[in-house]
A.B. asks: 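I am attaching a structure below and will ask some questions about it afterwards.
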Protein chains: 2
Amino acid sequence: MAAGHLTLKDIAREAGVSVATLDRVLHGRAGVRDDTARRVRETIARHGFHPSSAAADLARRRTSRFAVVVPDGGNLFMQAIVAAVGDMSAWLNARRASAETIRADVFNPAALAETLESLAGRYDGVAVVALDHQSVRAAIDDLVAAGTHVVTLVSDVPGSRRHHYVGIDNVAAGRTAGSLIGRFACGRMGEVGVVAGSQSLRDHAERAFGFHQVTGLEYPNLSALAPVEGGDRDEANETLTARLLADHPDLIGLYNVGAGTPGVMKALADSGREGEVVVVAHDLTPVTRRGLLRGAIDAVIVQDPGHEARSAMRVLLSLARREPILAEQEKIRVEIVMRDNLP
Amino acid sequence: MAAGHLTLKDIAREAGVSVATLDRVLHGRAGVRDDTARRVRETIARHGFHPSSAAADLARRRTSRFAVVVPDGGNLFMQAIVAAVGDMSAWLNARRASAETIRADVFNPAALAETLESLAGRYDGVAVVALDHQSVRAAIDDLVAAGTHVVTLVSDVPGSRRHHYVGIDNVAAGRTAGSLIGRFACGRMGEVGVVAGSQSLRDHAERAFGFHQVTGLEYPNLSALAPVEGGDRDEANETLTARLLADHPDLIGLYNVGAGTPGVMKALADSGREGEVVVVAHDLTPVTRRGLLRGAIDAVIVQDPGHEARSAMRVLLSLARREPILAEQEKIRVEIVMRDNLP
DNA sequence: CTGTTAGCGCCTTCAT
DNA sequence: ATGAAGGCGCTAACAG
């Protein structure tokens, strides 16, 4: 490991070829005789040579335009994603890349698909908070076919040809919520309410599935109710939760699968049963944060929106530059946050 | 946000100066009249201009050598850090930088200090798993004074002049462990054993502190015992844990603060009380992973060694390049891992 | 105080 | 199938 890093020229000279040939080998381009290529590769390997990414980027003079498609009228979580993307503009700019966020009606498959279609050709990469639906899947496949790199963000579209999914394993998140409520219930007998945004959102459905899986199999003392859907809206969630509490006097747990936690907490507080009911919710917001601190919420399942936004941008950039992506680094974890490990 | 990114030349022309002057302003170097500088800065801001980092890196032709100082005979966690550093070599190499790992006797302040001293001048940056001790602190300060960038890794030395700490808030980690055991104990009355590596390791001491803080204040049903020290060794921990279990028939919880979890689990299994005692440990290893899966361990507090190693390298590189570091991105979280969110 | 200019290491035509 | 040579945008001498 000496000083003065080696350069293309050094390796070329040692391999007895020109830098052009070396470059061809380095990038697997055609036009090199097999044995020449072999000899060159051997020299590269022997020195553990890696071309300077700075020089490569400079010479390639490639610029990339990315789009981030998020729900319009998004909740705090989505706003955090948008903000994080904005915070990366300087970073992207220094790398001759840029990102724009685009609002779309994510609850409307046709509209979302149309928005995606309209992006073809105008962007080198697209990150999209997607709805898992036929037409959306088709739109994603079309984009990919047109040469655009696509990553799904937060909510995946597994059947599609998207290059990468940036987000958590939502079934695992739901299972985690189930275990948490199961443990915190301490063997008490009772029912557990599940409030979701919409079961047609893949992430919500998967969370609810994981949740029921664990409570059903491992906590016979608990009976998890079928999810009610409030569209992630505070008022709807408040009404639904109030009804849940009224209808089930022995409700001992609440799992809020999506956004709209303020509504759930409001109804719980109004019922006077705050503290008696074990509550698990998703995502850190001022409301969930306060809920944790005063003991009204027992745990929050978190996926860091900043991590996700940055990961999406890094992945799109790597795809554009044809660099390998570090899987380990890009994996988004299901985090459990309690009062004591609040970030 | 049009296409063809702007360049130094463009901005210089528009501001009516040469690229040299622009460069001076851009890097806050002296030799520019105030009003010229102001005018130039205005032009830069108006265009949201960011110089191409690729071109800058290339022109600067700077190479950096980093050292990562880790405990010799390290445990699995330390091995993971070393492995992660190794995995970054290609990445670093492409950026004209390199990292070597150096073993040191971390439990011996004098030896560690001496190792650190010996690094002065030979490296541009040092990441060190430090022992919080006078002589180590002095060695760090000397390194910094000599112009070497220093980041502490995993265990901090707060009084020192290190540029950055890469690691978790260990008091918070201890509190989290306390809350977890408190909740999982479900109000049962009893004692909780605390096994540490050494109270003279700052991270262990802080975790134990946070743990006692929470159990003492919020779980009157629990009485946390004073920490016993097994030096992170399996055999010692096994002996200590066996004694703990024998001496305290009403022990209902165990918190293993450091490494050596295999010893603790062995003793617990042998006592036949596995499953009755709530167990919280640190770090994911094959043993803690298996413990979680079969229910012998209730939760594991995790700091991702891969994240930490990468963060340390990124921070050292940013320091060397005089780039700002993204605090939000470099913050290491206290993660709670249960069976269901095992990564 | 300000401007000119020669590279940095690689990629990419264009010749051969 | 291979080589030669001109940039890419920025930095750092060196002039003025």
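Keep in mind that what you see is a predicted model, and the values were worked out from it rather than measured. Below, chain A is the first sequence line, B the second, and so on; all start at residue 1.
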A.B. asks: Among residues at least two apart in sequence or on other chains, which ones pass side-chain hydrogen bond (donor to acceptor under 3.5 Å, both in side chains) with B/Arg41?
C.D. replies: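 B/Arg41 satisfies side-chain hydrogen bond (donor to acceptor under 3.5 Å, both in side chains) with no residue once adjacent residues are dropped.
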A.B. asks: In whole angstrom, what separates B/Arg96's CZ from D/dT11's C1'?
C.D. replies: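 Nearest whole value for this atom pair: 17 Å.
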A.B. asks: For B/Leu58 and D/dG7, give me the distance from atom CG to atom P, rounded to whole Å.
C.D. replies: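 Going from B/Leu58 (CG) to D/dG7 (P), I get 17 Å.
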A.B. asks: Taking only side-chain N and O atoms of A/Ser18, does any of them lie within less than 4.0 angstrom of OP1 or OP2 on D/dG3?
C.D. replies: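 Answer yes for this pair, as a side-chain N or O of A/Ser18 is under 4.0 Å from OP1 or OP2.
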A.B. asks: Report the C-alpha distance between A/Ser89 and A/Leu92 in whole Å, list the side-chain angles of each, state the deciding distance to 0.1 Å, and finish with yes or no for side chain to side chain contact (heavy atoms under 4.5 Å, CB included).
C.D. replies: CA-CA 5 Å; A/Ser89 80; A/Leu92 286 167; 5.6 Å; no
A.B. asks: Could you give the CZ-to-P distance, from A/Arg62 to D/dG9, as a whole number of Å?
C.D. replies: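 Going from CZ in A/Arg62 over to P in D/dG9 covers 15 Å.
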A.B. asks: Please table the atom pairs, donor to acceptor, closer than 3.5 Å between any side-chain atom in residues 120-130 of chain B and protein atoms at least two apart or in another chain.
C.D. replies:
residue, atom, partner, partner atom, Å
B/Arg122, NE, B/Ser118, O, 3.1
B/Tyr123, OH, B/Glu100, OE1, 2.8
B/Asp124, OD2, B/Arg65, N, 2.6

A.B. asks: Sequence neighbours left out, what pairs pass salt bridge (charged side-chain N to carboxylate O under 4.0 Å, His left out) with at least one residue falling in residues 17-26 of chain A?
C.D. replies: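 Every pair satisfying salt bridge (charged side-chain N to carboxylate O under 4.0 Å, His left out) with a residue in residues 17-26 of chain A: A/Asp23-A/Arg29.
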A.B. asks: Can you list everything that forms a side-chain hydrogen bond (donor to acceptor under 3.5 Å, both in side chains) with A/Thr115? Sequence neighbours excluded, please.
C.D. replies: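 Partners of A/Thr115 under the side-chain hydrogen bond (donor to acceptor under 3.5 Å, both in side chains) test: none.
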A.B. asks: Considering every strand and a 4.0 Å limit on heavy-atom distances, what is the contact class for B/Val19: base, sugar-phosphate, or nothing?
C.D. replies: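 The residue B/Val19 makes base contact.
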A.B. asks: Check side-chain hydrogen bond (donor to acceptor under 3.5 Å, both in side chains) between B/Glu335 and all other residues, then give those that pass, not counting sequence neighbours.
C.D. replies: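 Partners of B/Glu335 by the side-chain hydrogen bond (donor to acceptor under 3.5 Å, both in side chains) criterion, ordered by chain and then number, come out as A/Arg333.
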A.B. asks: The helix from C/dC1-D/dG16 to C/dT16-D/dA1: angle between its terminal axes, five pairs each, to 10°?
C.D. replies: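 For the helix from C/dC1-D/dG16 to C/dT16-D/dA1, the axes at opposite ends meet at about 30°.
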A.B. asks: Distance check needed: D/dG3 P versus A/Lys9 NZ, whole Å only.
C.D. replies: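 Computing the A/Lys9:NZ to D/dG3:P distance gives 15 Å.
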A.B. asks: Taking only residues two or more places apart in sequence, or in another chain, which ones meet B/Tyr165 in a side-chain hydrogen bond (donor to acceptor under 3.5 Å, both in side chains)?
C.D. replies: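 With neighbours one apart ignored, the set is empty.
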A.B. asks: Could you tell me how far apart B/Leu8 (CG) and D/dC8 (C1') are, to the nearest whole angstrom?
C.D. replies: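 In whole Å, D/dC8 C1' and B/Leu8 CG are 13 Å from each other.
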A.B. asks: So which pairs with a foot in residues 79-98 of chain B pass salt bridge (charged side-chain N to carboxylate O under 4.0 Å, His left out), sequence neighbours left out?
C.D. replies: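 Matches after skipping sequence neighbours: none remain.
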A.B. asks: What is the distance, to the nearest angstrom, from the CG atom on B/Leu6 to the P atom on D/dC8?
C.D. replies: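 So the CG-P distance, B/Leu6 to D/dC8, works out to 15 Å.
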A.B. asks: Can you tell me which residue pairs pass the side chain to side chain donor-acceptor pair (under 3.5 Å) test with a partner in residues 314-324 of chain B, sequence neighbours excluded?
C.D. replies: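 Pairs touching residues 314-324 of chain B that pass the test: A/Gln329-B/Arg314, B/Ser64-B/Arg321, B/Arg314-B/Glu330.
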A.B. asks: OP1 or OP2 of D/dG3 less than 4.0 angstrom from a side-chain nitrogen or oxygen of A/Thr21, does that happen here?
C.D. replies: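 Answer is yes, contact under 4.0 Å.
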A.B. asks: Once you round it to whole Å, what is the distance between P of D/dT2 and CZ of A/Arg39?
C.D. replies: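 Nearest whole value for this atom pair: 8 Å.
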A.B. asks: What integer distance in Å separates B/Glu323:CD from D/dC10:C1'?
C.D. replies: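 Value for this atom pair: 14 Å.
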A.B. asks: Residues from residues 22-37 of chain B sitting under 4.0 Å of DNA chain C, heavy atoms only?
C.D. replies: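 DNA chain C contact set from residues 22-37 of chain B: B/Arg24, B/Gly31, B/Val32, B/Arg33, B/Thr36.
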A.B. asks: More 5' along DNA chain D: A/Gly16 or B/Ala56, using each one's nearest nucleotide?
C.D. replies: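 Counting from the 5' end, the first nearest nucleotide belongs to A/Gly16.
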A.B. asks: More than 12 heavy atoms of other residues, nucleotides or ligands under 6.0 Å from CD of B/Glu42: yes or no?
C.D. replies: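 Atom CD in B/Glu42 is packed in, count exceeds 12.
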A.B. asks: Is the shortest side-chain heavy-atom distance between A/Thr152 and A/His164 below 4.5 Å?
C.D. replies: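 When only atoms from C-beta onward are counted, A/His164 and A/Thr152 do not touch, as no gap falls below 4.5 Å.
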A.B. asks: Walking along DNA chain C from 5' to 3', note the first and the last nucleotide with an atom under 4.0 Å from a heavy atom of chain A, and give both.
C.D. replies: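 Contact span on the strand: C/dG9 to C/dT12.
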A.B. asks: For residues 68-83 of chain B, which side-chain donor-acceptor pairs fall under 3.5 Å, sequence neighbours excluded?
C.D. replies:
residue, atom, partner, partner atom, Å
B/Asn75, OD1, B/Phe77, N, 3.1
B/Asn75, OD1, B/Met78, N, 3.0
B/Gln79, NE2, B/Gly74, O, 3.2

